[in-house]
Amino acid sequence: LCTEAVGIIGVQNFAHNPAPHFFWVAFLLLFAYISAIVGGLWQYIDPFRTISLWLAGNRPNRAVPRWMPYIAPVLFIALLWFELMSGKGSVPMVVSAVFLEYAGLCLLMSYLYGVETWFGNGEFFSMFFGLIGKIAPIRLHDDRVEIALPSEHLVYERAGHMGILLFILVMLGSTVV
């Protein structure tokens with residue numbers, strides 16, 4: 001929240017405001033590398049999930065709508081467009097506003113469908129860091145730590161939905177852009 005406040009009320013110059021740097025470099029890039037080493041860490045520090053659990057409470061989880069797993073690939077494409085094509089990906093106030101709007105989307109979807117349904121099937125960062133974490137040699141679970149060869153978990157897991165495969169294609173395609 002401090003980063004968002006700095007992005008909104010701070011100097012609106014990319015070179016002098018740390019908010020965009022924190023989002024693009026420290027958050028997305030650095031945490032992706034951390035997730036490749038320690039998988040499952042995001043579920044414990046996810047601010048969107050934490051706030052949603054706090055505000056939405058114990059609302060019952062609804063069944064996963066057929067369209068929900070397709071939201072994450074669409075959000076990924078939107079994020080790529082925002083960063084690379086919009087011309088606004090370096091404007092501190094805009095980056096902070098988009099981040100806060102995304103938090104609002106997470107709250108709304110958690111309220112409508114339940115926290116576990118949304119964060120397990122449609123939320124972008126959970127899918128992004130979760131997929132990267134599948135190659136990690138160290139994986140955190142509810143009450144234990146697993147150590148395995150890098151990418152070993154990929155051999156035993158299947159994509160539960162076509163939306164996950166589309167997300168992976170967007171991930172692979174985004175490295176070319």
Side-chain angles (χ1 to χ4, degrees), residues 1-36 39 41-43 45-52 56 64-113 115 117-136 154 159-177:
L1 291 175
C2 291
T3 303
E4 301 317 309
V6 168
I8 292 171
I9 62 174
V11 176
Q12 293 303 305
N13 182 322
F14 180 74
H16 300 291
N17 190 315
H21 301 284
F22 179 80
F23 178 74
W24 296 116
V25 179
F27 177 59
L28 278 181
L29 186 63
L30 181 61
F31 201 78
Y33 286 121
I34 291 170
S35 294
L41 183 60
W42 178 248
Q43 68 185 0
I45 64 170
D46 182 351
F48 304 111
R49 183 192 224 37
T50 302
I51 292 169
S52 295
V64 179
R66 293 174 51 115
W67 50 266
M68 188 176 279
Y70 295 103
I71 291 178
V74 169
L75 290 171
F76 198 173
I77 291 168
L79 180 73
L80 292 170
W81 175 85
F82 175 63
E83 178 190 15
L84 302 172
M85 306 297 288
S86 72
K88 303 290 184 186
S90 63
V91 178
M93 184 179 295
V94 176
V95 172
S96 294
V98 167
F99 196 76
L100 291 173
E101 289 169 1
Y102 185 76
L105 173 69
C106 288
L107 287 172
L108 176 66
M109 296 302 279
S110 294
Y111 181 80
L112 293 175
Y113 295 98
V115 173
T117 300
W118 169 243
F119 286 91
N121 297 283
E123 198 267 328
F124 166 75
F125 295 111
S126 294
M127 191 172 292
F128 182 72
F129 294 128
L131 285 171
I132 292 172
K134 290 186 185 300
I135 67 170
L154 294 175
H161 194 278
M162 183 61 77
I164 295 171
L165 297 176
L166 291 173
F167 192 90
I168 291 169
L169 289 175
V170 174
M171 286 177 81
L172 293 171
S174 71
T175 61
V176 177
V177 176

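It should be emphasised that the depicted structure is a prediction, and the values quoted were computed from it without experimental measurement.
Judged by distance alone, the side chain of W24 and the main-chain N or O of G89 form a donor-acceptor pair under 3.5 Å.
L29 CG to H21 NE2: the interatomic distance, rounded to the nearest 0.5 Å, is 13.5 Å. Taking CD1 of I168 as the reference point, atom CZ of F76 lies at 11.0 Å (rounded to 0.5 Å). How far CG of L75 is from CG of L80: 11.0 Å, rounded to the nearest 0.5 Å. Annotation: the span from M109 atom CE to S52 atom OG amounts to 11.0 Å, rounded to 0.5 Å.
Under the 4.5 Å side-chain criterion, counting only non-hydrogen atoms from C-beta, I164 is in contact with L131. No side-chain heavy atom of V64 sits under 4.5 Å from any side-chain heavy atom of Y113. Looking at heavy atoms from C-beta onward, C106 lies in side-chain contact with F119 at the 4.5 angstrom threshold.
Across all their heavy atoms, N121 and M127 have their closest contact at O-CE, 3.9 Å. Residue L166 comes nearest to P73 through the heavy atom pair CB-CG, 4.1 Å, listed as atom of the first residue, atom of the second, then distance. Contact between P20 and S90 at its shortest, heavy atoms only, is CG-O, 3.8 Å. Of all heavy-atom pairs between K88 and V94, the closest is CB-CG1, 3.8 Å. Pairing each heavy atom of D46 with each of S126, the nearest pair is OD2-OG, 3.6 Å. Between L28 and F129 the shortest heavy-atom distance is O-CE2, 4.1 Å.
Outside the 6.0 Å centre-distance limit, the rings of F124 and W42 are not counted as a close aromatic pair. For F31 and F27, the ring centers are positioned 6.0 Å apart or more.
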For this session: Apply side-chain contact (heavy atoms from CB on, under 4.5 Å) to N17 and M93, showing your working.
Result: CA-CA 10 Å; N17 190 315; M93 184 179 295; over 6 Å; no
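Taking W118 as the reference, nothing meets the ring pair (Phe, Tyr, Trp, His ring centres under 6.0 Å) condition, with sequence neighbours excluded. Remark: Y70 engages H161 in a ring pair (Phe, Tyr, Trp, His ring centres under 6.0 Å) (not counting sequence neighbours). Partners of F48 according to the ring pair (Phe, Tyr, Trp, His ring centres under 6.0 Å) rule, which considers only residues two or more places apart in sequence or in another chain, are F99, Y102, F125.
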